[in-house]
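Reckoned from all heavy atoms, side chains included, excluding hydrogens, waters and symmetry mates. Residue numbering restarts at 1 for every chain, and letters A, B, ... go by the order of the sequence lines.
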Number of protein chains: 2
Amino acid sequence: MSVDAQISRLKPGRRTDIRRENERAILEAAEKVFAEAGFGGATMQLIADMAGLPKANLHYYFATKEDLYRRVVQQIFEIWLDAASSFDNAPGPVEGIGAYIDAKMDISRTHPHGSKVWASEVMHGAPVIQDYLETTLRDWTEGRIAVIQRWINEGKMQPINPRHLLYMLWATTQHYADFGHQIQTLNDGKPLTDKQWREAKASVKDMVLRGIGAI
Amino acid sequence: MSVDAQISRLKPGRRTDIRRENERAILEAAEKVFAEAGFGGATMQLIADMAGLPKANLHYYFATKEDLYRRVVQQIFEIWLDAASSFDNAPGPVEGIGAYIDAKMDISRTHPHGSKVWASEVMHGAPVIQDYLETTLRDWTEGRIAVIQRWINEGKMQPINPRHLLYMLWATTQHYADFGHQIQTLNDGKPLTDKQWREAKASVKDMVLRGIGAI
DNA sequence: CTTCACCTTGACCATACGGTCAGGAAACGA
DNA sequence: TCGTTTCCTGACCGTATGGTCAAGGTGAAG
């Protein structure tokens, strides 16, 4: 570690703090605006207002609207990859897939904006993160398919098609974020309560795990 | 008599035809452009080019961009409502829900653009079709919940939460349209073949029907 | 042929947007 | 205190977009 880095760690420094805090505020505002208006409908002015900064200041930290958008999308992808670890080191589908559903449902509740931005990005043909789909996501998917296939071979679940199981997991869990507005409307216009979220998670886990013959 | 003349005689009238044909072409182009670029990213010029008409002509048939968009969204909603009839008059969940999955999966394949437009609309808070959600969709949902509850009471399936079953059906079937690009990327960049679509439908039906204890 | 309703479209306009820039303020090290 | 780097921001610019309009074309009815 360099001397500079040591000093930097001991004394965070006003400068560093300013940059970090402003970038954080901008990314948070951008995530919300991109989610609610889409890339084309979002404006730098609106993001700036929501972040409490002049528009010109945004361009100081993020050169272009695309740069800012790319950062937001990457952020979500990393959160999802982290959640994917729930899958690993599980003795069987009940624990592994159960934990994965729990993790993805929690993210749908805590990061609904990010989920929508991702969905929008993919729906528009993934112009920004196509390389991630072809590398990281593809590798991750193949790995989990192998795990699921192993569970099938070990007789721990029915011989279903692992790929379509993954699609069902993604679709179902992300639906609670992406279509949260529709769900809220069908819930008398009120957001799901803690109890209702627990019920949702339990329902999804029950149907999926029974559907693959794991329970 | 020529074929043209025969067709011409069958046609109700040139005027009506022109309007119908142009509106059809505009709506078809608009559905695609709105799906691929979002409402904010779509431009009337691009829709016009794709429909093969001057931009000013679009505004002759559809006063504003919002009007055109609204028509596109309503069109999809009606298609989905039609598919919902698969649910009715079924003796049990295997036939009713099985047919509904078939119908929704077919729509995901034949109308991927419309599905994306709908998803985008809901994700952005349903600014245009909120009233549909609160009336038609809510009524339809309550009706199907009653049907599912009846099947449960009759012992034809496990006592799962009907509401979350519906969400799972919507999420899973529409995923094949909305996230079609991601699925294609994970399929070596190639669209699903007929065989793969049959496999997808079978997998979804198998997992769902088993998940609710109907098979 | 004339009339009239309907259709077509190039040219145009006001606005809003992404992005730039110059000049100044604030923080920091020496 | 002084010099240097980083940060801040009002004013500005070129462009693209949704929408308008007036003039002209077209076909069917009488």
Contacts of type ring-ring contact (aromatic ring centres under 6.0 Å, His included), residue Tyr132(B), not counting sequence neighbours: Phe77(B)
NA contact type, Phe62(B), heavy-atom cut-off 4.0 Å: base, sugar-phosphate, or nothing? nothing
Salt bridge (Lys or Arg N to Asp or Glu O under 4.0 Å) against Glu134(B), all qualifying residues, sequence neighbours excluded: none
One character per nucleotide, please: for nucleotides 10-22 of chain C, 5' to 3', B when the base has a protein heavy atom closer than 4.0 Å, S when only the sugar-phosphate does, - otherwise. B------SBBBB-
Atom OH of Tyr61(B) to atom C1' of dG18(D): distance rounded to whole Å? 20 Å
At under 4.0 Å, does any side-chain N or O of Tyr60(B) touch on OP1 or OP2 of dC7(C)? yes
How long is the line joining CG of Leu58(A) and C1' of dG10(D), in whole Å? 15 Å
Look at the side-chain N and O atoms of Arg19(A) and state whether any lies under 4.0 Å from the OP1 or OP2 oxygen of dT6(D). no
May I have the distance from Ile18(A) (atom CD1) to dA25(C) (atom P), rounded to whole angstrom? 16 Å
Between Asp49(B) (CG) and dA16(D) (P), how many Å, whole number? 14 Å
Residues which pass salt bridge (Lys or Arg N to Asp or Glu O under 4.0 Å) with Lys205(A), listed by chain and number, not counting sequence neighbours: Asp102(A)
Can you sort out the partners of Glu199(A) under salt bridge (Lys or Arg N to Asp or Glu O under 4.0 Å), two or more places apart, ordered by chain and number? none
Plane angle bin for Tyr69(B) and Phe39(B) - parallel if under 30°, tilted between 30 and 60°, otherwise perpendicular: perpendicular
Test of understanding: with salt bridge (Lys or Arg N to Asp or Glu O under 4.0 Å), list the residues that count as partners of Arg70(A), not counting sequence neighbours. Asp67(A)
